[in-house]
Amino acid sequence: MSSFYITTPIYYVNDVPHIGHAYTTIAADVMARYRRMRGDDVTFLTGTDEHGQKIEKAAEAKGTTPKELADRLSAGFRQVWEKLEISNDDFIRTTEPRHKAAVYEVFRRMQAAGDIYLGEYEGLYCVPCESFWTETQVVDGNCPDCGRGVDTVTEASWFFRLSAFGDRLLAHMDAHPEFISPKSRANEVRQFIHMGLRDLSISRTGVKWGIPMPDDPEHVMYVWLDALVNYLTAAGFPNPGYETRWPAQVHVIGKDILRFHAIYWPAFLISAGLPLPERIVSHGWWTIDGEKMSKSKGNVIDPVAVAEHFGTDAMRYFLLREVPFGNDGDFSIARMVEMYNADLANGIGNLLSRTVSMVHKYRGGTVPAGDAADAAAAPVKEAAALLPSSFHTGLDDPQRTGRGLKFDEPLEQLRQLVWAANTFIHDSAPWTLAREGDDARLDTVLYNAVEALRVAATYFYPVMPEMAGRISAAIGLTLDPYAIDFDAAAHWGQYPAGTPLPAPEPLFPRQDLKTVPDHLTVKTPQENPVSDTSAETPAAQASDPPAATEATRDDYVSIGDFAKIRLQVGTVREAERVKKSEKLLKLQVDIGTEVRQIVAGIGRMYTPEEMLERQVVIITNLRPAKLMGVESQGMLLAAGADEVEALLAPSGPVTPGARVR
RNA sequence: GGCGGCGUAGCUCAGUUGGUUAGAGCAGCGGAAUCAUAAUCCGCGUGUCCGGGGUUCGAAUCCCUGCGCCGCUACCA
């Protein structure tokens, strides 16, 4: 019995659980259930990430404590997972004492290895995202993730010598080609490492809600160091015996947090002298009806609402069947209805229904004994025999699944089984046999049909645990998935004849697109878009706290703050493209007292020619910066959603240098 | 701009190390059957395998190039 430790990311409590979170967690759950069936000693971990300034502020705005807020939100996640039949063995919270102990021990080891030092950090900080950005990362003075303003922060900071780990990380990837999948993601990681890693600031001073740095209570542990260690914590680290769990076999993650898991985390572990996880499997994002999920569009899908309408199992089935793992996918109710009807209602659902009702109609509700070696049933038997290996090839073999996990292989094989069984019934025409009184043959057909359902239920279990149980019950059995031998369960002819069946009832009633409610989206419309749609942790977050109404007051600035920013009108005297740049224009702007050189990212909307003699608004007291090696002495104001759409300018001629107020 | 990937039937995608007339599901059309959730079963695709070159006895599969899309990354003060 081998140990199988699989994790989801820990989700930031401040976020509302959506279809992306559900997808990650369901995928991990299916793996966990499958490995339990195989007889592995599975530890399936999920949990919540609860520290950070965002929670601190949200709590303050709500007049509560961060802990109380986190308690409530974390419980919300637990409820969602319960509803979605998530079979996690442990649920970790970063606010637990056991976690603090683990973080300290990891830190102590990293320090002992000489990879920690005290330095000074100056950076631009985005409070909502709790992320530092370099000057080159920031977009128009705003956070590249969430688009909100950043503050310049200088502080003493502890650093991790990440720069020293590039070669070791690459060597590990060379030696373990299955370490990161899909392969394209591994390539991205390599590329990122090749460009050179910079030391990582791992402490913050402005934040109180977090794990204090050892011996330096002014600092709090950087969220990612705090968060990633959860995987060790849950394994029992640093207590004796954690080695039976660690290293984890699989970290399931969304592509947005790849870098943290594929670079930072392994580097931390190498430094601390701990083994690396075996596989990091990254999946794609869901769009909704072809559009990016965002709160402003109000199209963020609530997995619980979907589960309530279609059934949890149907949703689980859809998510895994619709999209090859690793690819981005599109969630549309129309597709969901289509697949539900084709595979579930018309497929397994109808197969069960017709079979059970024939047993009732022709045999008084008791499954007769029949010939399991019947020649006509051979194709069904063969389809069943391929089921175990479809799981093995789809989910076990990292070489073969270079794309990641392939849930579609076993699901396709199950579809084959259902199809073979339907064909068998059709060709055997039991209704004719009944009419003609061919009892022996009729018994055999019914027996084999029921046997097909027994096998289908067994192997549907990982994806549709509840339905697997109900199918089993409908054929008079009690499914005990973890008691069976996974491979042997497919062997034909195990159904115990003579079993009485309950009356048939539809397990998957047909769905009609017209009757699907249109409120399957989360109900808290926010003004800020969610930039990502998958599972993630804080640095990748862009959503607002539920307490947004109160919290936005924190965004107010005083008139004095505004006065600090000097806005002036200037006239463009010269304009040219910055060479080798896609959208940078180098402008010479006359502001009366002087001519400023401004580099602006407007090259997609404006040609240098049309900029000439145009009046523009610029910030003239912004710290100069270099872009593509060209100095910019200010910033030009423009507006647009993502890309610049239009410049800001006075509605009539103004003397160059005039203040904007 | 750099690096990587993708572009196969109306839709979603398979196509192993290049090898007979390129496949599946869904949708659509026609038929059969009637146990069943109007479900099932059978039959039906002349697709420029994005375009153009090339290597080869032979390429969707390898090389070059063009176009389109995507990801990461670098400049968007």
Side-chain angles (χ1 to χ4, degrees), chain A residues 124 135-142 144 182-192 194-195 255 258-259 284-285 321-324 327-330 334-335 338-339 341-347 349-362 400 406 408-409 412 415-416 418-419 421-435 442 445-446 449 504-511 578-585 596-605 618-638 640 642-644:
Chain A
L124 299 164
E135 298 203 341
T136 57
Q137 286 173 313
V138 167
V139 180
D140 298 330
N142 290 322
K183 248 187 146 158
S184 54
R185 298 289 162 206
N187 288 341
E188 288 178 13
V189 170
R190 281 179 189 282
Q191 181 196 346
F192 191 84
H194 275 302
M195 291 189 312
K255 63 181 184 180
L258 178 66
R259 192 182 307 161
W285 286 356
R321 180 93 173 85
E322 172 70 355
V323 173
N327 289 14
D328 286 353
D330 186 55
R335 284 286 299 167
E338 213 171 274
M339 184 178 289
N341 285 337
D343 289 5
L344 301 181
N346 301 351
N350 185 235
L351 176 64
L352 176 72
S353 175
R354 69 193 306 201
T355 302
V356 172
S357 66
M358 282 192 285
V359 170
H360 277 279
K361 198 166 215 162
Y362 304 137
R400 206 173 160 286
K406 294 185 73 173
D408 42 329
E409 294 220 3
E412 171 59 24
R415 245 181 35 76
Q416 291 287 327
V418 171
W419 166 76
N422 270 325
T423 304
F424 166 69
I425 291 172
H426 178 269
D427 292 351
S428 306
W431 42 92
T432 306
L433 298 174
R435 220 179 296 125
L442 178 55
V445 173
L446 292 179
E505 61 175 309
L507 289 192
F508 297 103
R510 278 183 66 83
Q511 294 286 342
V578 175
K579 64 274 161 222
K580 303 204 74 171
S581 158
E582 270 178 34
K583 45 185 174 184
L584 290 189
L585 296 187
R596 287 289 185 91
Q597 173 167 293
I598 306 281
V599 179
I602 54 173
R604 287 228 179 97
M605 277 306 293
I618 61 178
I619 303 176
T620 51
N621 62 342
L622 192 65
R623 178 181 301 114
K626 281 197 172 180
L627 303 172
M628 296 286 285
V630 182
E631 178 163 283
S632 181
Q633 304 157 330
M635 172 173 137
L636 187 148
L637 298 191
D642 290 324
E643 295 277 312
V644 167

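Bear in mind that the values here come from a model prediction, so they are computed numbers and not experimental data. What's counted below: heavy atoms across the whole structure, side chains too, no hydrogens, waters or symmetry copies. Residue numbers begin at 1 in each chain, while the letters A, B, ... track the order of the sequences.
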Tabulate atom names and distances for all N/O pairs under 3.5 angstrom spanning the protein and nucleotides 2-5 of chain B.
unit_1: B/G2; atom_1: N2; unit_2: A/Gln191; atom_2: NE2; d: 2.4
unit_1: B/C3; atom_1: O2; unit_2: A/Gln191; atom_2: OE1; d: 3.4

*Searching all strands shown, indicate the nucleotide that pairs with B/G25 (Watson-Crick or G-U wobble; both distances under 3.5 Å).*
B/C11
_A/Arg321 and A/Arg415, any side-chain heavy atoms less than 4.5 Å apart_ = yes
*What's the spacing between A/Arg354 CZ and A/Trp431 CH2 if we round to 0.5 Å?*
5.0 Å
*Mate of B/G71 where both pairing distances stay under 3.5 Å, Watson-Crick or G-U*: B/C3
*Given that both distances must come in under 3.5 Å, which nucleotide forms a Watson-Crick or G-U wobble pair with B/U40?*
B/A32
*Separation of A/Arg335 atom CZ from B/G10 atom P, in whole Å?*
16 Å
*asked:* Return the CG to CG distance between A/Asp427 and A/Asn422, rounded to the nearest 0.5 Å.
replied: 10.5 Å
*Quickly work out the A/Glu409 CD to B/G25 C1' distance and round it to whole Å.*
15 Å
*Using the C1' atom as the reference point in each nucleotide, state the distance between B/U48 and B/G7 in Å, no decimals.*
14 Å
*For B/A38 and B/U21, measure between their C1' atoms and round to the nearest Å.*
38 Å
*To the nearest Å, give me how far apart CZ (A/Arg415) and C1' (B/C13) are.*
12 Å
_Spatial distance of atom CG (A/Leu352) from atom CZ (A/Phe508) [nearest 0.5 Å]_ = 9.5 Å
*What nucleic acid atoms does A/Arg190 come within less than 4.0 Å of, heavy atoms only: base, sugar-phosphate, or nothing?*
nothing
*Enter the distance from A/Leu344:CG to A/Arg510:CZ here, rounded to the nearest 0.5 Å.*
11.5 Å
*P gap between B/C72 and B/G58, integer Å*: 42 Å
*Using whole Å, report how far CZ of A/Phe192 lies from P of B/G71.*
17 Å
*Taking NZ from A/Lys406 and P from B/A14, how many angstroms apart are they, rounded to a whole number?*
8 Å
*Would you mind reporting whether A/Leu433 and A/Val445 have side-chain heavy atoms less than 4.5 Å apart?*
yes
_Between B/C63 and B/G18 - C1' atom distance, rounded Å_ = 13 Å
_Closest approach of A/Asp328 to A/Val323 (non-hydrogen atoms, all atoms of both residues)_ = O-CG1, 3.6 Å
_Pairwise C1' distance, B/A14 and B/G1 [rounded to whole Å]_ = 35 Å
*Any strand is fair game: report the nucleotide pairing with B/G51 by Watson-Crick or G-U wobble, both distances under 3.5 Å, or none.*
B/U65
*Roughly how many Å is it from CG in A/Asp328 to P in B/C13, rounded to a whole number?*
10 Å
*What integer number of Å spans the C1' atoms of B/G5 and B/C75?*
23 Å
_Distance, nearest 0.5 Å, that separates CD of A/Gln416 from OG1 of A/Thr423_ = 9.5 Å
*Between A/Leu351 and A/Ile425, is any pair of side-chain heavy atoms under 4.5 Å apart?*
yes
_Base contacts versus sugar-phosphate-only contacts with protein, heavy atoms under 4.0 Å: please encode nucleotides 33-42 of chain B as B, S and - from 5' to 3'._
SSBBB-SBSS
*Can you tell me, in whole Å, how much space there is between the P of B/A60 and that of B/C13?*
22 Å
*Could you state the interatomic distance from OG (A/Ser353) to CE (A/Met358), rounded to the nearest 0.5 Å?*
9.5 Å
*Pairwise C1' distance for B/U46 and B/A9, with rounding to whole Å*: 12 Å
*A/Ile598 has an atom CD1; how far is it from atom P of B/C75, in whole Å?*
19 Å
